[in-house]
Amino acid sequence: MMMSRADYRTGVKPVWCRGCGNFGLLSTLTRKLFPGLGIPKHKALVVSGIGCSSRIPAYIDTYGFNSIHGRAVTIAQGAKLARPELTVVVIGGDGDFFSIGAGHLPHAVRRNLDITCIMVNNFVYALTKGQTSPTTPHLKRGEGAFLSRQFYPPVDPLLDMLSYSVSTRASFIAQGIATDTAQLGWLLEEAVRHKGFSFVSVLTPCVTFDPPELFDTIREKARYLREGEVVELPESSPDTPWVHDPQNIGLALRLAEVSLMEEPLLGVFFKGGGGMTDAGLSAG
Amino acid sequence: MMMSRADYRTGVKPVWCRGCGNFGLLSTLTRKLFPGLGIPKHKALVVSGIGCSSRIPAYIDTYGFNSIHGRAVTIAQGAKLARPELTVVVIGGDGDFFSIGAGHLPHAVRRNLDITCIMVNNFVYALTKGQTSPTTPHLKRGEGAFLSRQFYPPVDPLLDMLSYSVSTRASFIAQGIATDTAQLGWLLEEAVRHKGFSFVSVLTPCVTFDPPELFDTIREKARYLREGEVVELPESSPDTPWVHDPQNIGLALRLAEVSLMEEPLLGVFFKGGGGMTDAGLSAG
Amino acid sequence: MASSSVTVGVAGSGGDGVVALGSLLQRLAAWQGYFSHMLRFYGPQIRGGATAVRLSLDAEGVSLPKDSPDILVCFDWEKYLEVDREVPLAPETVVLYEKAPPSGLRLPKKSFEVDFSEASRQATGSDHNKNVVALGLVKRLLGLCGDRASEAIQTDEGLHLLKQNVAVLEAGELLLAGHSFAGLELCPAQDRSVKVVLHGNAAVAQGALRAGCRAFFGYPITPASEIMQEMQDKLPRLDGVFVQAEDEIAVMGLALGASIAGLKAMTATSGPGLDLMTEMMGLASAAEVPMVIVDVQRCGPSTGIPSKAEQSDLNHAIYGGHGEAPRVVMAPYDVPGCYRLLVEAINIAQRFQTLVIVLSDQWLGQGFVAVNDAFLKQDYPLEELKRPGGEETGDYRRYLMTDDFISPMAVAGEEGLTYQMTGLNHNEKGWPAFDFETNQQMHRKRYSKLMPLCGRDGLVEVFGNENCGRGILTWGSSAQIVLETVRWLGLQDEVKVCVPQLIHPLPERVERFVKSTDKLLVVEMNYSGQFYRYLRAQMDMPRKTELYARAGGRLFSRKELSGPVTEVAR
Amino acid sequence: MASSSVTVGVAGSGGDGVVALGSLLQRLAAWQGYFSHMLRFYGPQIRGGATAVRLSLDAEGVSLPKDSPDILVCFDWEKYLEVDREVPLAPETVVLYEKAPPSGLRLPKKSFEVDFSEASRQATGSDHNKNVVALGLVKRLLGLCGDRASEAIQTDEGLHLLKQNVAVLEAGELLLAGHSFAGLELCPAQDRSVKVVLHGNAAVAQGALRAGCRAFFGYPITPASEIMQEMQDKLPRLDGVFVQAEDEIAVMGLALGASIAGLKAMTATSGPGLDLMTEMMGLASAAEVPMVIVDVQRCGPSTGIPSKAEQSDLNHAIYGGHGEAPRVVMAPYDVPGCYRLLVEAINIAQRFQTLVIVLSDQWLGQGFVAVNDAFLKQDYPLEELKRPGGEETGDYRRYLMTDDFISPMAVAGEEGLTYQMTGLNHNEKGWPAFDFETNQQMHRKRYSKLMPLCGRDGLVEVFGNENCGRGILTWGSSAQIVLETVRWLGLQDEVKVCVPQLIHPLPERVERFVKSTDKLLVVEMNYSGQFYRYLRAQMDMPRKTELYARAGGRLFSRKELSGPVTEVAR
Ligand SMILES: Cc1ncc(C[n+]2csc(CCOP(=O)(O)OP(=O)(O)O)c2C)c(N)n1
Ligand SMILES: Cc1ncc(C[n+]2csc(CCOP(=O)(O)OP(=O)(O)O)c2C)c(N)n1
Ligand code: SF4
Ligand code: SF4
Ligand SMILES: [Mg+2]
Ligand SMILES: [Mg+2]
């Protein structure tokens, strides 16, 4: 059965602000990812948490569950175990994944089920009107123009996901940007194709609560990672550049140490070997 | 006021099994750490979660709180913020810290308050009678002699703590063993002295639920890390040995990648620079 | 003939400055001594969608906005239709609208198309200030031209937008000059003192600070975040502790930690966050750690409707959590009450070493009122922990059985008084105990210590004719509408109304009230009648007891309640 | 004269093989057709501390161990004194002890010092098997020499320890040969079929599997872990899904995920874990996802006494969680009931697309009984989801309002029926809706769909003379002791006993029972009388209603209950 792009949208009108980066993700999913991989809509399940980004399931005509804050990845795993033939996609915000939901991630990584997590990183708690999130860039009070309420350093989602993956060597970790839907579409396809747990961080502007400088900076400093090509490091880096090899977790750890605010890297950070079979879990 | 060692014990008899590694930790605290640093007992607060190890506050005559499973580190931070002059020590099991409590750790690291966490890693849920914990070594069913119910790879506490610390560069991370109370005492003193968040993993035998081979292996393969000396890597390692420098987080990340079951490293993995002032938090 | 109370509605999209218009009007009027109450409504859009306010201005006291506004300013009919249930038109409503209404919509007689944008453009070159134009017009219609307006505009931070736009305001005042708007003019305010403008969430935060709260931990959640915001702004200057934590479990852990180390600690959240606090609530109760949680209720279950009020967390507040973990449950019913009750809550938490849950709700929390500032200036006695006397040294028993079941409490850091707490069943020393006798004894201690609260008559208010046998029992913000409805129907002598602000443990005064009635009505905004069932579980109710309860999502109106209220008074 | 029921106690330290002795005796007797019930007690030590069992063997049916044992085997008096309240001595108790008692302790007349260790050494060279020696002696005293003993020892996995130790057993049988122990001998079992030995936790797991549960997610917690253990052992062979998760929040998330994808899913926990599940419980209720939670209750609040029973989680089961999230609450009262009720629970969860909470407790869950295996062999009709009919394609409405308020449910993966769930208030399509009308309608749907359960008379048992006006209402495992006490006092004709296994929503049969009494006693093991208050909240109770309630930590005894039971029957 062929699916047209329109097939993947419900009749529900998004509640997002005009210009919100979430529109980019929505169209990447409904126009690229699902039709591109030819996934029939009943074979996909989109699970989200709570946040602006997490409103997305109502707009996608696959099975969907806009669940509760921080727990989407647990629900997704349960569904995948029960029906391995489903393509399971988890969508949530930076708060969802790395604040209230942070405790579920190391365990999801080691279970290594074949699900794909998409973290909509807009560096802010948007739905609740602009509080700092765990990824809000760290600036001392008054030091910078924006987000000055953040007093402790941000968590580093990519580094954390990589460190969780050291034992399994089996995850897929990537970063895209909502404003480049072409690359994002490709990254998401790779992530879904990867047999095992995948995590994609999507840098996403929140036009209402992010200071515009934040995303301007990100877009300006962003560099693409390409397999087999030399990694462009920021000038401040003391490291000697190396050839990007997403199979090498040691190099991936070094990549993840590059500060996002100095140089946001877009591409596949790490792609491990195949995971355990899903059956492993129930054979317990 | 001088404190004798006996001053730090309450009249409560430990409920632990004869031979349990927790006795080693208890005596390290009451005979070495507190008297060694000359901390008056009313100036110390020991907060624990739930588990065999977490029973410890009732045995130590400082302020103590045997709280609930996985949350001790949150209570400890609240108390430290309220009374910065307290020496605050958190004690919990591997389940406490890295299963149910895992979500609190990245945030404790970035807040970087001056508290000391002691994870009693006995590789098992002991109090609940022997279930696998997140640190239980990974063996496929039937592959090894012990703990064969563990189907997914263990989390790696030291690597995780280090990766959380990359942004702050300010934590103290070490590993000791309950059977060497001399080194353990020194490590804990260093940890408490460190101005900022400290995490000490203590390899601890559970004589009731661990297969004896597990701890025999650990003791046999353990190697001490000493600043300025060359790190002894396991034979399987492709790395060229380097001189141990706990100030270097890149080296610390490499150290943490050495598999615990191949070569448990004992010593200070990382010791970052001073943290933010505690005041930073309330200045928010 | 001037009115003592006028209700103004405004509708449009977020970008039209709807809420700003309401706020400015409220503040301007407050400077003239008017009381007011503003309700805000939003459509589903996250930002910039349909928005409305309904605002009462009153010369005599705070009153609720009428069900339909006397004046409606409408910037955008399409958006209006998304929120029309919240600002419905009555035949008498004076409508001031910018663009022609859709064909299907029949407007009241006194409807006027006014080009606010054009007036703004004429005054400033941009239509950004069309809301200020409308404000000018409404101001004139209401006769709000008191001598303090220019002083207000010069000095009030909240009015600084007007400072640069006096010309725009004046342009607005000149519109529709040829028409007469009899009956919209407000009587002079009875008491000309400047009113303070704030919402329940701000009052909660300020009350807590007044009571000496110096540690706040929070996690963002609608509709409670403003409390966290206020604390984040104010605590640092008071040398207090503030952390936005990683989740609500951590929030409670941090707060318990601060409390055992001697700070008066609290948090605020809404339903989903309260759920996550459940296990910690039990720990606070078991270990007898003072703690205050404010729950700003929204529609449940689960995520429900985050931006709308409901009174459906009462069950969880009273009964939530495994085992038996006694706690105190309180509920303010108006904005000054939010302030006063937080002082009470912090006091009670300290005095009784207990968990106190304060139930507010979205409309109480987020609705701005202009009120007399007497409650801010009042003297409030503060309570502190019952302290060890000094003779304990060496054998300090943290959970000593005393006559009033409250044990002297030392806080971490005090010399000579070290002790160990635990959520395990424990003896007087705080050491684990696994026998039935200790378990029963400690349950008795934790329950009995709270019993004196039942005698706190001051925490229960009774309105109306105490001698009549017809009664209404209600709680929280619903009380405001019940009281207004009784007044509106002129039934003050026919029916009395009891509003407990202490709900659990149940005050004796509530029991006496119930016993003194032969016909009773219970009103609350939840589906299952939680308060009603809670009362039934505690005492016998008159045979003729009726319950009026329904889910949230829309405020009660006078019209809605007049049926049941008339019935009980009959 | 042989007895139809004998109670045996054993005490010592963990290393003495106390529990093993009890288990072996229970199994041996089960092969002879005897019913039995074993209670286990531990001191505070994590392992190897004081341990005791009290075990009834009965020729006619399962009965509770008597308050004091008829025979006590004591390996260690010091340890005995840590648990003496659980195995108290009566003047008639026959005591078989190894070492001389401490000077203060006065032993009953028929006390015998027996050197079990020596006998073990003589038979095997080591004193490791002293418990088997004691077993031999007890076996003789009870006259347990049926023809099936050797078959049992050869074939029963649970008796393999005896296989290598037949000589030791026989050595024990020869001890104290010169003494007569009249009255200890058991009558022949009435029904000689071999009894099945299991505890409530095993019965729960097996019942769930029988009902088609194929997904279990758990997190270790005392006293529920055995359910997880059993599921971990059995599910893989049934192609089911099992995960030990990182915490109880994840447990519920995993289970909801499996449920929406079409598996019958469940979990089991105890108080602290149930607290953590609160938010997810609300989600299950709001999104109408079938789910079963078994809560094996222990003493609360907080960590409380993890190893001892209490019935104090009822409030949370019924009322826990913000907003209004209807669910079903059930409680078995005996081990076969655990099995049957899990079949019911899984059925109800599927049929009504609801959350079901099953309340067991520590002694029901961990106490081994030997019972007839009829409940295992019975036929149980299984229920499945109400399915979409096929005509919906294109406009499938997941939350369609139907006559019975239950909407046909598709599961993720089915073609043509995609839909979107949410914990937000939602319309029939499952799409977010923020208006009052939908909120009220969906509350009505979720509450009303469960109402037919109130008519399920089969889920309420009434014992005794239905026509008398004196009644006792009790629930859960307390029912066993209430029933035994009534029998013991010979009051079966004076008082009737009602035991609802469905507790919420409240069955009509309970209401009828209450209405048919003029004097009522409610018995439950918690401090505040949760069930009693729940009943009061729902209906009028007789003026003469008494509550007997206290905290847990010790089982009710016949003696303890005989006062209130006699009083209500009078
Ligand atoms: C338990 C709980 N706590 C708090 C909230 C309130 N809340 C809703 S969304 C959100 C965070 C939103 O931030 P993020 O996850 O980054 O998503 P975004 O809106 O930025 O896409 C919070 C705290 C909630 N719904 N549930
Ligand atoms: C919320 C909650 N879930 C489960 C438990 C049961 N429980 C008690 S201790 C424990 C884990 C013990 O393992 P660990 O933390 O490694 O400590 P150890 O006993 O090994 O020292 C668990 C799951 C609990 N007390 N609370
Ligand atoms: S607030 Fe930000 S994230 Fe939310 S919809 Fe608007 S732009 Fe998007
Ligand atoms: S079970 Fe293990 S960890 Fe617990 S007290 Fe015994 S030896 Fe120690
Ligand atoms: Mg965000
Ligand atoms: Mg452990």
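Keep in mind that this is a model prediction, so the values were computed, not measured. Below, read A as the first sequence line, B as the second, and so on, with proteins coming before strands; counting in each chain starts at 1. Keep in mind that the numbers below use all heavy atoms, side chains included, and drop hydrogens, waters and symmetry copies.
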If you measure only the distance, is there a donor-acceptor pair under 3.5 Å linking the side chains of D160(B) and S163(A)?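 D160(B) vs S163(A): donor-acceptor pair found between side chains.
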
What is the distance from atom OH of Y164(B) to atom CG of L159(A), rounded to the nearest 0.5 Å?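 The distance works out to 10.0 Å.
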
Where is the tightest heavy-atom contact between H107(A) and S99(B), given as atom of each residue plus distance?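 Nearest pair, atom of H107(A) first, then S99(B): NE2-CA, 3.8 Å.
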
Which answer fits L253(A), side chain, backbone, both or neither, if we ask what part of it has an atom under 4.5 Å from a heavy atom of chain B?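 Answer is side chain: those atoms of L253(A) sit under 4.5 Å from chain B.
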
Taking everything shown except E85(B) itself, do over 12 heavy atoms lie less than 6.0 Å from its CD?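 Count over threshold, so yes.
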
Inspect the surroundings of CD in E263(A) and state if more than 12 heavy atoms from other residues, nucleotides or ligands are less than 6.0 Å away.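 Result for CD/E263(A): enclosed.
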
Side chains of R110(A) and P134(B): closer than 4.5 Å at any heavy-atom pair?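 Yes, their side chains come closer than 4.5 Å.
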
Any donor-acceptor pair under 3.5 Å from S167(B) side chain to P153(A) backbone: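 Here the side-chain-to-backbone pair does not exist.
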
